[in-house]
Colleague: 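Structure in structure tokens, see below.
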Protein chains: 2
Amino acid sequence: MVATMKAHQMVLGWVEQEIAEDRLRIGQRLPAERTIAEQLQVSRTSVREAIRVLEAMGIVRSGVGSGPDAGTLVIADPSAPFTSAMRLHFATSHLPAGDIVQTRLLLESWAVEHADPASASLESAHALLEAMDEPNVDAERFHQLDAEFHVALSQAAGNVLISTMMGSLRDAINQYTLDLIVNLPDWSATATRLRAEHHGIYDAVMAGEARLASELVAAHIEGYYREAGIPPREAAQ
Amino acid sequence: MVATMKAHQMVLGWVEQEIAEDRLRIGQRLPAERTIAEQLQVSRTSVREAIRVLEAMGIVRSGVGSGPDAGTLVIADPSAPFTSAMRLHFATSHLPAGDIVQTRLLLESWAVEHADPASASLESAHALLEAMDEPNVDAERFHQLDAEFHVALSQAAGNVLISTMMGSLRDAINQYTLDLIVNLPDWSATATRLRAEHHGIYDAVMAGEARLASELVAAHIEGYYREAGIPPREAAQ
DNA sequence: TATGCCATGTGGTTGGACCACATCAAGTAT
DNA sequence: ATACTTGATGTGGTCCAACCACATGGCATA
């Protein structure tokens, strides 16, 4: 069993077991690479390959030097694997943009419908709204705030998996849409419309109008991507 | 820019670019590790670290020897990063099981509601139904068929991202629920109920009763996990 | 013609060496 | 006594050279 496994996979399995059995907790440091190599009787190279994978999964984070930021420590960044893997798979053309948009639509409209108006993340959302209302924000800055607003909104439902996925989906095709959106013939008019829609969604959530909020956000997202030339996939019926 | 990047990240970027600009397509082979190392002026070690990451993402697959199965070739397995990363993050206890169940509920009920009754995957689903109806399938086998049935059902909506995520979510907590389910006091009765529910869902989909199918599958999943002791997270309101 | 063997090219693994970096303790100059 | 310098230490980052296991394909041989 152990002998037939690739060396780096053995290390991965070891780390997973250490985490699952609570010997490794978030914030704690892994043993030094050389130490792990000796303990598991594999080369340091294999240990490093495993750590690279864990790093890509958002499970650990490595830092050189000494002190608190050094060494390899356990973190929890569920968005890392989604964002990077999604971008790659999107690049292979085997993951249609329409599917991504449609999925984001589903996740975010659910999140908004189930948002808790008392959630602290809605305060962040409101602050972001005001930042976007500033008359002299440029298109790029607006785009950034826009993304953060949607993430904050989704977090109000309290499901970390759904809000994480939602954000990653947006990121995956962000570069794909950014240029198209900011170079629209009348960006100013578009920005005005987006501002109004954002306020409408936010107000509906705060008023507890779950169904309305959900419909507004769905229309908002669909309109956004339609303008960018990526309509959500037609649902089969 | 290039100089400040970690070596293996440079390789990752190179591969992503090759894929994005269509010089690397699915099914094609990457150059040999030693060749890439020479081309990009990095060590073979760094190339291998990058390939390990791509492998974990389901973007490439490596094989030794000669012939068609040898070398590192580009594949498209979007489920790989979800399944493995989800399992790890679940192990860190920073990804509540309730969130996972709730998300699966959302994805699958959507997929069933938007399923195309003419989809070929529904034929697979039907075959799986019949296999589960065999009186002498044991609990473990039933569980396996059950999982495949739900995946086949989800694929009928035609959104590869949603059906992939759905399957990975189930896998992530599969081990967690398997023991509990098969060791129920009266497994036989549970199996009978599950069979009936499966048929009900399938029939509703085939009849085009989208809304009904969606509600049936939601109740089915919720009941399943409730019996296993993992009720979906209460939605905030 | 049929069989066996080995050259070739692939990824898999290892050990060792060196570098860059950040800290901390010891030593030194003021 | 204080402030500064300096070096020891331990971390990940990188590279190299070698060897292994494996699967094929062509060559030599029976």
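So you know, we letter chains A, B, ... as the sequences are listed, proteins then strands, and number each from 1.
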Colleague: Take a 6.0 Å sphere around CD of A/Glu38 and say whether it holds more than 12 heavy atoms from other residues, nucleotides or ligands.
Modeller: no

Colleague: To the nearest 0.5 Å, what is the distance between CD on A/Glu108 and CE on A/Met166?
Modeller: 4.5 Å

Colleague: Figure out the CZ/C1' separation between A/Arg48 and C/dT13, and round it to whole Å.
Modeller: 15 Å

Colleague: To the nearest Å, give me how far apart NZ (B/Lys6) and C1' (D/dC15) are.
Modeller: 16 Å

Colleague: Using atom CD of A/Glu38 as one end and atom C1' of C/dG16 as the other, report the distance to the nearest whole Å.
Modeller: 15 Å

Colleague: Contacts to DNA chain D from residues 59-70 of chain A, heavy-atom cutoff under 4.0 Å, which residues?
Modeller: A/Ser62, A/Gly63, A/Val64, A/Gly65, A/Ser66

Colleague: From CG of A/Leu40 over to P of C/dT13, roughly how many Å is that when rounded to an integer?
Modeller: 13 Å

Colleague: Assign each of A/Ala7 and A/Arg44 to its nearest nucleotide of DNA chain C by heavy atoms, then name whichever residue's nucleotide is nearer the 5' end.
Modeller: A/Ala7

Colleague: Is it the case that atom CZ in A/Arg25 sees more than 12 heavy atoms from other parts of the structure closer than 6.0 Å?
Modeller: yes

Colleague: Just the rounded figure in Å: distance from C1' of C/dT13 to CE of A/Met5.
Modeller: 16 Å

Colleague: Between D/dG12 atom P and A/Leu73 atom CG, what is the distance in whole Å?
Modeller: 10 Å

Colleague: State whether B/Glu49 and B/Arg52 are salt-bridged, where the test is any N-O pair (Lys NZ or Arg NE/NH1/NH2 against Asp/Glu carboxylate O) under 4.0 Å.
Modeller: no

Colleague: Could you check whether B/Ser79 and B/Ser168, counting side-chain N and O atoms only, form a donor-acceptor pair closer than 3.5 Å?
Modeller: no

Colleague: Within a reach of under 6.0 Å around CD of A/Glu140, are more than 12 heavy atoms found that belong to other residues, nucleotides or ligands?
Modeller: no

Colleague: Classify the angle between the aromatic ring planes of A/Trp187 and A/Phe142 as parallel (below 30°), tilted (30 to 60°) or perpendicular (above 60°).
Modeller: perpendicular

Colleague: Ignoring backbone atoms, test whether B/Thr45 places a side-chain nitrogen or oxygen under 4.0 Å from the OP1 or OP2 oxygen of D/dG13.
Modeller: no

Colleague: On a plain distance test, is the side chain of B/Arg34 in donor-acceptor contact with the base of C/dG9 below 3.5 Å?
Modeller: no

Colleague: What is the distance, rounded to the nearest whole Å, between atom CG of B/Leu30 and atom P of C/dG11?
Modeller: 9 Å

Colleague: Over how many whole Å does the gap from B/Glu33 atom CD to D/dC20 atom P extend?
Modeller: 18 Å

Colleague: Whether B/Arg170 engages the ring of B/Tyr224 as a cation-pi pair (distance to the six-membered ring centre under 6.0 angstrom, angle to the ring normal within 45°) should be assessed.
Modeller: yes

Colleague: Any residue in residues 49-58 of chain A with a heavy atom nearer than 4.0 angstrom to DNA chain D? Just list them by number, or reply none.
Modeller: A/Arg52

Colleague: In terms of heavy-atom contacts, does CD of A/Gln39 have more than 12 from other residues, nucleotides or ligands at under 6.0 Å?
Modeller: yes

